[in-house]
*Asks:* 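This is the structure I want to talk about, given as C-alpha cells.
Please read these numbers as outputs of a predicted model, since none were measured by experiment.
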Amino acid sequence: MELMQERLYELVEQTGSLVDPRVVKLSQEIDDLVVTMQRLRMCRELDMPLKK
C-alpha cells in the first residue's frame, strides 16, 4: 500500500491534477485495499469469517 501511495503522489505531481483518470483509478484501488484491510482486521477482532 505504501508503494501505491508513493505512486499516487508521483502521479499527482506529474499530472498536476487530482482528477486525472490515472490518479482517480489508483486512488480508488488504494481505497479498496484500505476497506479490505479494515474488514480483515474487524473479522479477526470479532473472530468471524470474512464475507465479501
*Asks:* Please tabulate, one pair per line, all N/O donor-acceptor pairs under 3.5 Å involving side-chain atoms of residues 25-33, not counting sequence neighbours.
*Replies:*
unit_1	atom_1	unit_2	atom_2	d
Lys25	NZ	Glu29	OE2	3.0

*Asks:* Which donor-acceptor pairs under 3.5 Å do side chains of residues 14-21 form with protein atoms, sequence neighbours excluded?
*Replies:*
unit_1	atom_1	unit_2	atom_2	d
Thr15	OG1	Leu11	O	2.8
Thr15	OG1	Ser17	N	3.2
Thr15	OG1	Ser17	O	3.2
Ser17	OG	Val19	N	3.0
Ser17	OG	Asp20	N	3.1
Asp20	OD1	Arg22	N	2.8
Asp20	OD1	Arg22	NE	3.1
Asp20	OD2	Arg22	NH2	3.3

*Asks:* Is Met1 reachable from Met42 through a run of hydrophobic residues whose side-chain heavy atoms are each under 4.5 Å from the next?
*Replies:* no
*Asks:* Side-chain heavy atoms nearer than 4.5 Å, only ILVMFWY residues, links allowed to pass through others: does that put Leu8 and Val34 together?
*Replies:* yes
*Asks:* Taking the side chain as everything from C-beta on, heavy atoms only, tell me whether Glu45 gets closer than 4.5 Å to Arg41.
*Replies:* yes
